[in-house]
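Written below as structure tokens is the structure these notes are about.
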Amino acid sequence: MFVLELTYTAPLDAVDAVLGAHVAWLDEQYARGVFLASGRKNPRDGGVILAVAEDRARIEEITAGDPFVTAGVCAYRVTEFVATKTSPELARYQESAG
């Protein structure tokens, strides 16, 4: 499991200009089962995405295709973690600590 932290690297008007394409990209990742939750940070200086994938390389490939990245308006920080406890709704993503 991965926590993806987006930090805007451009003014909000530049971010907003690409927002529609970013939301469409998010929708694609949800449809593929990669993203579990996402949203803006408060204050609005970026966002956070909870994601699942087979490995970090795949996540990095996916985030490289974000229109925010290709437009140069955000940077990603990727944190991988082992989800040893989950809510019942996320139980299928639970992993052993081993």
Side-chain angles (χ1 to χ4, degrees):
M1 194 168 283
F2 298 86
V3 176
L4 313 178
E5 183 180 4
L6 294 75
T7 301
Y8 297 147
T9 57
L12 284 179
D13 60 334
V15 171
D16 287 340
V18 191
L19 187 58
H22 172 74
V23 170
W25 173 82
L26 288 171
D27 290 343
E28 290 174 19
Q29 303 316 313
Y30 277 106
R32 291 183 176 136
V34 176
F35 290 172
L36 304 178
S38 62
R40 294 177 177 171
K41 291 193 279 184
N42 189 15
R44 188 179 172 210
D45 60 1
V48 174
I49 301 169
L50 184 61
V52 292
E54 55 273 14
D55 56 35
R56 185 184 187 96
R58 179 67 184 127
I59 285 293
E60 290 176 353
E61 180 183 329
I62 291 167
T63 58
D66 181 349
F68 277 177
V69 172
T70 59
V73 301
C74 94
Y76 272 88
R77 178 177 167 218
V78 177
T79 303
E80 184 173 1
F81 74 101
V82 177
T84 56
K85 291 185 77 64
T86 64
S87 69
E89 295 82 8
L90 296 177
R92 68 182 180 163
Y93 303 108
Q94 194 167 341
E95 302 173 68
S96 66

Separation between OH (Y8) and CG (D45), nearest 0.5 Å, reads 8.0 Å
Closest contact, heavy atoms only, V78 versus F2: CG1-CD2, 3.8 Å
Hydrophobic cluster membership, with links at side-chain heavy-atom distances under 4.5 Å among I/L/V/M/F/W/Y: are F81 and V52 in one? yes
Are any non-hydrogen side-chain atoms of D66 and L6 less than 4.5 angstrom apart? yes
Expected output: side-chain T9 to main-chain G72 donor-acceptor under 3.5 Å: yes
For a 4.5 angstrom cut-off between non-hydrogen side-chain atoms, does Y76 reach V69? yes
Would you say R56 has more than 12 foreign heavy atoms packed within less than 6.0 Å of its CZ? yes
Kindly say whether V48 contributes a backbone atom to a donor-acceptor pair with the side chain of E5 at under 3.5 angstrom? no
Students often mix this up, so state it plainly: with edges at 30° and 60°, are the rings of H22 and F68 parallel, tilted or perpendicular? parallel
Side-chain contact test, heavy atoms from C-beta onward, threshold under 4.5 Å: evaluate it for K41 versus T7 and give yes or no. yes
NZ/NE/NH1/NH2 to OD/OE distance under 4.0 Å, R44 and D16: yes
Shortest non-hydrogen contact from V18 to A71? CG2-CB, 3.7 Å
Give a yes or no on whether L12 and L26 share a hydrophobic cluster (residues Ile, Leu, Val, Met, Phe, Trp, Tyr; joining criterion: side-chain heavy atoms under 4.5 Å apart). yes
Closest contact, heavy atoms only, A21 versus P67: O-CG, 3.5 Å
Following the transitive rule for hydrophobic clusters with a side-chain heavy-atom cut-off under 4.5 Å over Ile, Leu, Val, Met, Phe, Trp and Tyr, establish whether I62 and V3 coincide in one cluster. no
Looking at every non-hydrogen atom in both residues, tell me the closest pair between Q94 and T86 and how far apart they are. OE1-OG1, 3.5 Å
Verify same cluster id: I49, M1 (apolar side-chain graph, 4.5 Å): no
Between S38 and Y30, is there a side-chain donor-acceptor contact under 3.5 Å, judged purely by atom types and distance? yes
Would you give the length of the straight line joining atom CD of Q29 to atom CG of L36, rounded to the nearest 0.5 angstrom? 12.0 Å
Working to the nearest 0.5 Å, report the span between CD1 of I59 and CZ of F35. 6.5 Å
4.5 Å side-chain heavy-atom contact, L4 and R77: no
